[in-house]
Amino acid sequence: VIIDAHTHVGPAFIDHPPLLPGVTGDQIVEIMDRAGIDKACSFAPQWEGPHFVDPEFHQANRAVYESSKNHPERLIGFARVDPHRGPKALDEMRRCHDAYGFRGIKLHPLWEHFAADNLRLLAPILELCGDYGWPTVWHTGYYPTCQPALYMDLAEHFPEINMVLFHLSYAHTGDAIIAANRYPNIHLETAANSLATSIQEVITKVSPRQFLYGSDLPYHDPADVLAKIVKQPLLTVEARDLALGGNMARLLHMDVE
Amino acid sequence: MGPGLGNWSVQPPLSARTVEELIDILDVARIDQACTFAPSWEGGDFDDFEYSKANRVIHEGERRYPDRLIGVCRINPNLATKSLDEMKRCHDDYGFKGLKLHPDSEFFSINNPLMRPFLDLAADYRWPIFLHAGFYPLSQPALLLPVAQDYPTLNFLLLHLGYRFTTDAVLIAQRCPNVFLETSADSSASAIRQVLSQLGSERVIFGSDLPTTRPAEVIDKIRMQPNLSAEGGAQVLGGNIRRLLGGAN
């Protein structure tokens, strides 16, 4: 099974058109079909105004739900919230869990402007994720809010919560490897234009249980990212299967063949 | 200055939640006047995503101390027309004298075409732009180059000397006569010396970022500069910003 850990869908694309069309669930599934992807974690794109005003991700999460409703076997809804909204963010998470049946949460320190080691802000959110058994997926890669070293505090305080650091942390891949080697609940993910050499470095230095595929569809073409993984000469068949779907299935508590 | 500071994850070394506290800090540091604007909205008990409450607090403080405080408007550009309305209120009703923009806090870049309505209005108002600068990928100084060229009548302050991007900030200022470098936060004495030697005292502006920095520390770093004349020091410590603010004095 191939699971893409990182896809966006929703009306916010009106203000930042992506590489491929990704406004509706049907469009996402069409792209997945072309790339041979079985399932995808699906969440809202960034909110950055001005035509679609939704700073609390309330409309965006509902759009993710509606777009995935017709593809229950293909699209796995993930919530997005702005942690600064405090109790409102927790309410949105409850709605995403109880009413929408979402299976995880995406958090973006750069967009929502908080530091990834801000435990005061993030603890209530992570505690609720613990109750729900949700994996947490994180934008990473930029100093000073989301470089990988900041995630070590969270990983240590919430050892039972799985964390996926997106983009192999861009220019900070070396630090992400150090964090993943210390904390087994940290996983590294390939979305966007990860370099083949960065993927190779992760494959050789990180447990195969902590490395996984994601594309950032529709900002990026999933076929590009998949090819960079599959072509890795040092990747065993077992490690490849874990990377392309096995690890994400485990984080989602899914039974797959 | 403002109540939003109460929600900050890291509390600053000084307190400036009220105007009295702000004036006390200015008195201690012997600062005559200060451009003052709202801190970043970080959520919590003070709910003010649109900065409308924060701007009003600045206005009320300025009204009590008109000889000491110069109000500067803060907005979230993602709110489009609402933020244009906030700018109009700050200009027409409050008499503010400039615009603070924070790309990292509000998530945008100054070179995004969506910023044009705000820059156009600021140009109409003859407001200088106080632009937070210093972090890739949203607020590195290079993003300002095409904007400063497109708006030659607007003056821009690159705050914090662009932090780790001081060299880039100098390169932009060398190409754009309407770009000024400002010293706030923990700028090092050596960074201040660098910008003074490369740009001259007429392009460098004192600012402190109080209450996150003790202003006397920044003033000391400017006064200790070996090659800064008394006249140059007067420019950095007030003459330059007074010129950019036009009517304010």
Side-chain angles (χ1 to χ4, degrees), chain A residues 12 14-17 45-58 60 80-92 107-125 139-147 150 153 167 169-172 192-193, chain B residues 4 6-11 39-52 74-87 101-118 132-140 160 162-165 185-186 212:
Chain A
I14 179 181
D15 287 319
H16 33 94
Q46 69 272 32
W47 177 72
E48 51 175 309
H51 303 102
F52 176 73
V53 176
D54 189 31
E56 299 180 11
F57 290 100
H58 184 67
R80 264 189 93 154
V81 300
D82 177 352
H84 291 126
R85 300 279 164 171
K88 282 188 197 165
L90 296 176
D91 284 346
E92 186 61 31
L107 291 159
H108 201 309
L110 186 68
W111 267 309
E112 274 73 64
H113 194 62
F114 59 91
D117 65 343
N118 187 339
L119 286 170
R120 177 188 65 86
L121 192 71
L122 293 169
I125 288 173
H139 177 86
T140 73
Y142 295 119
Y143 178 88
T145 54
C146 54
Q147 71 271 30
L150 293 182
D153 271 3
H167 310 301
S169 298
Y170 286 130
H172 299 266
N193 48 352
Chain B
N7 292 332
W8 277 25
S9 49
V10 177
Q11 282 299 308
S40 286
W41 181 72
E42 290 198 7
D45 300 332
F46 183 71
D47 189 350
D48 191 31
F49 189 65
E50 302 173 10
Y51 288 102
S52 58
R74 187 158 178 175
I75 57 167
N76 182 341
N78 288 304
L79 293 166
T81 51
K82 271 191 191 171
S83 296
L84 285 173
D85 291 343
E86 186 63 32
M87 279 179 73
L101 293 171
H102 198 312
D104 292 317
S105 186
E106 272 72 63
F107 194 75
F108 62 93
S109 287
I110 191 68
N111 63 334
N112 187 323
L114 297 172
M115 293 305 295
R116 290 190 162 277
F118 306 107
H132 168 86
F135 296 107
Y136 183 86
L138 295 173
S139 66
Q140 69 271 33
H160 315 301
Y163 282 123
R164 302 293 167 83
F165 292 88
D186 49 353
T212 68

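Residue numbers start from 1 in every chain, and the chains themselves are labelled A, B, ... in the order their sequence lines are given, proteins ahead of strands.
Heavy atoms closer than 4.5 Å to chain A are found in the side chain of B:Phe135, but not in its backbone. Of the two parts of A:Tyr142, only the side chain, counted from C-beta on, holds a non-hydrogen atom closer than 4.5 Å to a non-hydrogen atom of chain B. Residue contact with chain A, scored on non-hydrogen atoms closer than 4.5 Å, involves the side chain of B:Asp47 exclusively.
Between chain A and the options B:Trp41, B:Phe49, B:Phe108, the largest number of non-hydrogen pairs under 4.5 Å is found for B:Phe49.
When side chains are defined from C-beta on, B:Phe107 does not count as touching A:His108, because their heavy atoms never get closer than 4.5 Å.
Proximity of a side-chain donor or acceptor of A:His113 to a complementary backbone N or O of B:Asp104 within less than 3.5 Å is detected.
If you take OG1 on A:Thr145 and CD on A:Glu112, they are separated by 10.5 Å, rounding to the nearest 0.5 Å. For the atom pair A:Tyr170 OH and A:Thr140 OG1, the distance stands at 8.0 Å (nearest 0.5 Å). Expressed to the nearest 0.5 Å, how far CG of A:Asp54 lies from CG of B:Asn78 amounts to 12.0 Å. Atom-to-atom distance recorded for B:Ile75:CD1 and B:Lys82:NZ is 13.5 Å, nearest 0.5 angstrom.
For A:Trp47 and A:Phe57, the ring centers are positioned 6.0 Å apart or more.
Interface with chain B: from residues 114-124 of chain A, residues A:Asn118, A:Arg120 qualify, criterion being any non-hydrogen pair under 4.5 Å.
Judged by the 6.0 Å distance and 45° axis criteria, B:Arg164 is not positioned over the aromatic ring of B:Tyr136.
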